[in-house]
Amino acid sequence: MNRVTPTFSFLHKSSGVLHRQSRFCFLLTTSSLALGAHAFVPRPVLAVIPSINPSLFQMTPHSASTSTSTSTSTVPLPPIARRDEERVVYAGVLPPTIQDRSLIRQANDSTEPLLDPPRPIADPYGWLRDDERKDPEVIRHLEAENEYSRAVTSHLIPLQESLYKEFLSSIQETDFTTPRPRGDYWYYTRTYQGSSYITYCRAPKNSTDFDANGWDGTKETPVLDGEVTYLDVNVLAQGKDFCDVGTVKVSPSHKYVAYSVDYLGDEKYELHVRNIQSGEDIVLQKVLHDSHHAQQTCDEEKDSNLLEIDNFVWGKDDDTLYYVTMDEQHRPYRLFQRRNWNHSSPVDTLLKEEKDDLFWCSVSKSLDGKFIFFDMASKETSEVWFLATETESSSQEIKCVAPRRNKVLYEVEHGKGHWFIVTNVDNSPNMKLMTSPVTDNSAAQWTLVLDSQGSSIFDGTVAKALDSVTVLNTHLVLEGRQGGIPRVWLYEIQSKTIKRLEFDETAYDVGLGVHYESDATSVVVTYDSMLTPPSSIEIDLGNYDERKVLKEKSVPGYNKELFGCDRLEVPSRDGKTQIPVSIVYRKDTMDKVKSGESVPLHLYGYGSYGACIEADFGITRLPLLNRGMIYAIAHIRGGGEMGRQWYEEPHGGKYLCKKNTFNDFVDVAKFFVEERKWTTPDKLSCEGRSAGGLLIGAVLNQADLFRCAILGVPFVDVVVTMTDSSIPLTSGEWVEWGNPNEGKYFQYMMEYSPMNNIQKDRVYPACWITGGLHDPRVAYWEPSKYAATLRHLNPSNPHPICLKLDLTVGHFSASDRYKYYREMSVDYSFLLDQLNLA
């Protein structure tokens, strides 16, 4: 559910894409910088707000299940969803009433007893669940919710338009990303004013350095001489409500580009291959019969013969593709090799299948192109298989790097004839870096990578955390964390010397940019902070002090000198833990604070899956800061900001210590209200999305500290969802939250699940709740049930509870960048209005 980011992510630098392992995962792509703050954090799903029809203020019942009281006042009444008071779901063993006896209730290797007899959980709004997304009664109710939200915010349309213009005024609409070398070309993307999506471009590489000085900033002029657009997402999106291009990979000869595209938001991607020169575009179909595995492909046939995939890579040459398909629960689980994809009779071979529902799979290729890797991982255990590209045409034998061991995570890269392994083997609190010869069943040969003094460069202790390794011919580029800050280290393989890259600011976000070539003599890192817009910095591997800024993100109208930022530590209620908090503000706002005046403050949090919310730059914060708000990010437990120990038991924010996540957030809010006295509850707002929506839902049940809350695609019906393995992705999440079917976890999860702890006759803050009809990670019925329950138990609550359910998208909201900013303008108009800043 990842409902969010994988705890152990497969971030393959050759692709620049984070594999979507969990229900709430984030996508990290080369275009993320264009969106600003938390571009990888799912944004709210909101449609462009049209002109408000006055009739919406006097809505009439839509059906017997959904009624709306008329009102002569300007404040409309919300829709009322019918309640089925006898409806329940069961936690524990399958009750006799469940017809499908094949539904699993726990992991295959679990030794925990199931609740027997099963425990009933009230689910009066369970009728809102429609797996087909077509039930007229459900659709009518969702439309009524949208009408109510539009009516409540109708007076804010001028503010929404103002916010939208402020967002656009802070971006350079016609722009390009830093060109990166690959073979004989520079590859980059462009955006154009008025165009919603990016275009993929390349130009001949006439020298080792690109020169964009001849670009005059217009759409018509090429960024580099000889520029060719080889994929225009604006063309793909024509006539579509939604268009998300997942992965784009140029073939080894540079003749073709393969890309995956989702036109619904349900994250089922078509696979296309395009001839770059001719423009011929082929959408790949299923191969229903082949000489080896006809039964495996036939059982995937649906109404259409269209091939649906999760991710893919090219093989050694242009004739071979490797792709991963998903099961009925939306879990990537099978690896296929397709040869002769462009022939009338292509050949598919099933190379590997993962049958354990807890494991998600992905395919990648080593940066040097010599190996295909098939990663199979749960949140706690992983296994990697490999195939040499040199022999892919003659042999389809796939081998295992090291068989899975319970609670041992590892991922593999190749270089210089060795495996380089990032792993927590032997129960290390953080990942260590190890190496071994290239062979199967290699675990016994893993040894720590040492420096010139014979010391391990990453030994897995709490001092510093390792996230990933990129293997170049002469260097290892290592990404991780130290002191709660992202870090990059360069390790020279021959001399065994290691150096951490240093930057002037005390808190920042830094990471390796996209690299396509293992023989690179320089690397490019992307850098930004809460005050500094993103930039691409090239570092010479022969002289680390030789740095060159290749490109800085233009932010029109932004004056860095007007703003300030700080990194604070807030004591938690356990008396042992210091919670890092990053804040950004206008200096004139902080002057008011220093004089004793309280000011509005917006508190953002996430705290799940070991995911990190960085102290990065975001143009979407500027309208809040310019209206006198302080923006704060609470780096609470459950995330990975302080290493894996910040996430894992016994002191992190997972399983039976999940409440630490919620308590930390409340403690930070109290710190600003009671300790620092920077703000007051009537000026304090909060926000979280996806699993961060769970955070906000749990916090609102615990503390009366907030005036307004934004809950984006929130995972709020924790126990009901996690008991039911028929809901996509649920079983894989048992190793994140625990399994409420088991006695060990049931009561603990019931104590924090937002839906099961909403209090009666209590004043809740104004809530803006969003969802997407086609969301496969947090189903639309969760925010719908949550809004209905908040209103039912608190009919006299003076603050509006609004649900905006986009009927055209999924978990990651709008794919159209202009619609994205429209959505945010609606979000923040509601927030500003509730804080009397409209």
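In this text, all values refer to a predicted model and were calculated from it rather than measured experimentally. For reference, positions follow the sequence shown, starting with 1.
Between Lys548 and Glu546, none of the side-chain N atoms (NZ, or NE/NH1/NH2) sits under 4.0 Å from a carboxylate O, so this pair counts as no salt bridge. The pair Asp348-Arg334 does not count as a salt bridge, with every side-chain nitrogen at least 4.0 angstrom from each carboxylate oxygen. Residues Lys205 and Asp184 are not paired through a salt bridge, judged by the lack of any N-O separation under 4.0 Å between the basic side chain and the carboxylate. Salt bridge annotation for Lys240-Asp262: absent, with no cationic side-chain nitrogen under 4.0 angstrom from a carboxylate oxygen.
Side chain of Glu614 to main chain of Tyr508: no donor-acceptor pair is present (N/O by atom type, distance under 3.5 Å, no hydrogens or angles). The backbone N or O of Thr199 sits nowhere less than 3.5 Å from a side-chain atom of Asp232 that would complete a donor-acceptor pair. At distances below 3.5 Å, at least one donor-acceptor pair connects side-chain atoms of Arg182 with backbone N or O atoms of Val250. Using a distance-only test at 3.5 Å, with no hydrogens or angles considered, no donor-acceptor pair links the side chain of Ser815 to the main chain of Phe242. Distance alone, capped at 3.5 Å, places no donor-acceptor pair between the Tyr230 side chain and the Tyr200 backbone. Under a 3.5 Å cut-off, the side chain of Glu392 and the backbone N or O of Lys316 do form a donor-acceptor pair. Panel note: side chain Lys249, backbone Phe312; no donor-acceptor pair is recorded below 3.5 Å. Judged by distance alone, with hydrogens and angles left aside, the side-chain atoms of His515 form a donor-acceptor pair with the main-chain N or O of Val524 at under 3.5 Å. Side-chain N or O atoms of Ser207 include one that pairs as donor or acceptor with a backbone N or O of Asp209 at under 3.5 Å. A donor-acceptor pair under 3.5 Å is formed between the side chain of Asp528 and the backbone N or O of Phe617.
The side-chain heavy atoms of Ser393 and Thr320, taken from C-beta on, include no pair separated by under 4.5 Å. The closest side-chain heavy-atom distance from Ile309 to Leu284 is not below 4.5 Å. Put simply, the side chain of Glu161 does not reach to within 4.5 Å of the side chain of Ser825, judged on heavy atoms. Here the side chains of Arg481 and Asp467 are in contact, with some heavy-atom distance below 4.5 Å. In this structure, Ser345 and Asn340 have side chains that are not in contact, with every pair of non-hydrogen atoms separated by 4.5 Å or more. Between Tyr322 and Lys365, the closest side-chain pair of non-hydrogen atoms is not below 4.5 Å. Inter-residue side-chain proximity for Val347 and Val287 is flagged as unmet; no heavy-atom pair is nearer than 4.5 Å. Considering only heavy atoms from C-beta on, Phe420 comes within 4.5 Å of Leu476 through its side chain.
Heavy-atom contacts from other residues, nucleotides or ligands closer than 6.0 Å to CG of Asp216 number more than 12. The 12-atom threshold is not exceeded at CD of Gln277, counting heavy atoms of other residues, nucleotides or ligands nearer than 6.0 Å. Summarising the local packing, CG of Asn543 is surrounded by more than 12 heavy atoms from other residues, nucleotides or ligands at distances under 6.0 Å.
Residues Thr620 and Tyr828 come closest through the heavy atom pair O-CE1, 3.4 Å. Residues Ser364 and Val313 approach most closely at CA-CG1, 3.7 Å, considering heavy atoms. Here the closest heavy-atom approach between residue Asp266 and residue Pro776 is recorded as O-CG, 3.6 Å. Taking both residues in full, the closest heavy atoms of Asp310 and Cys361 are given as OD2-O, 4.2 Å, listed atom of the first, atom of the second, then distance. When all heavy atoms of Asp827 and Arg689 are compared, the pair lying nearest together is OD2-NH2, 2.9 Å. Residues Pro623 and Phe167 approach most closely at CG-CE2, 3.5 Å, considering heavy atoms.
For Lys551 and Phe176, the positive end sits near the middle of the six-membered ring, less than 6.0 Å away and at most 45° from its axis. In this structure, Arg547 satisfies the cation-pi test against Phe503, with its NZ or CZ atom closer than 6.0 Å to the six-membered ring centre and inside 45 degrees of the ring normal.
Rounding to the nearest 0.5 Å gives a distance of 9.5 Å between CH2 of Trp489 and CD of Glu479. Put simply, NZ on Lys255 and CG on Asn275 are 5.5 Å apart, with the number rounded to the nearest 0.5 Å. To the nearest 0.5 Å, atoms OH (Tyr820) and CZ (Arg817) are separated by 12.5 Å. Taking CD from Glu505 and CD1 from Ile485, the interatomic distance works out to 10.5 Å, rounded to the nearest 0.5 Å. One distance of note links OG1 of Thr521 with CD1 of Ile539; it measures 13.0 Å at 0.5 Å rounding. If you take CD on Glu390 and CZ on Phe371, they are separated by 10.0 Å, rounding to the nearest 0.5 Å.
Partner of Asp519 under the side-chain contact (heavy atoms from CB on, under 4.5 Å) criterion, out of Leu472, Asn473, Thr474: Asn473 alone. In summary, of the residues considered (Trp215, Trp186, Tyr188), a side-chain hydrogen bond (donor to acceptor under 3.5 Å, both in side chains) with Glu227 occurs for Tyr188 alone.
For the residue pair Ser196 / Asp816, a side-chain donor-acceptor distance below 3.5 Å is found, with atom types taken as modelled. If you check the side chains of Thr247 and Asn311, you find no donor sitting under 3.5 Å from an acceptor. No hydrogens or angles considered: nothing links the side chains of Tyr544 and Glu492 as a donor-acceptor pair under 3.5 Å. Arg180 and Tyr187 share no donor-acceptor pair across their side chains, judged by distance under 3.5 Å alone. Using a 3.5 Å distance cut-off with no hydrogens or angles, the side chains of Ser170 and Glu166 do not pair a donor with an acceptor.
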> Taking it one step at a time, do Thr174 and Thr218 satisfy side-chain contact (heavy atoms from CB on, under 4.5 Å)?
Replying inline: CA-CA 7 Å; Thr174 299; Thr218 65; 6.0 Å; no
> Should Leu231 and Leu236 be marked as a side-chain contact (heavy atoms from CB on, under 4.5 Å) after you check the CA-CA gap, both sets of side-chain angles, and the distance that decides it?
Replying inline: CA-CA 9 Å; Leu231 184 65; Leu236 300 181; 4.0 Å; yes
> Between Asp616 and Arg621, does a salt bridge (Lys or Arg N to Asp or Glu O under 4.0 Å) hold up when you go through it step by step?
Replying inline: CA-CA 11 Å; Asp616 57 6; Arg621 299 186 196 128; 3.1 Å; yes
> Given the rule in the side-chain contact (heavy atoms from CB on, under 4.5 Å) test, do Phe563 and Tyr558 qualify, once you have shown the distances and angles that lead to the verdict?
Replying inline: CA-CA 10 Å; Phe563 299 87; Tyr558 174 66; 3.6 Å; yes
>> One pair to check against side-chain contact (heavy atoms from CB on, under 4.5 Å): Ile276 and His254. What are the steps and the verdict?
In response: CA-CA 8 Å; Ile276 294 177; His254 301 263; 5.8 Å; no
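By the side chain to side chain contact (heavy atoms under 4.5 Å, CB included) test, Asp241 is found to be paired with Thr808, residues two or more places apart in sequence or in another chain being considered.
Checked against the 6.0 Å centroid threshold, Tyr323 and Trp341 do not count as a close aromatic pair.
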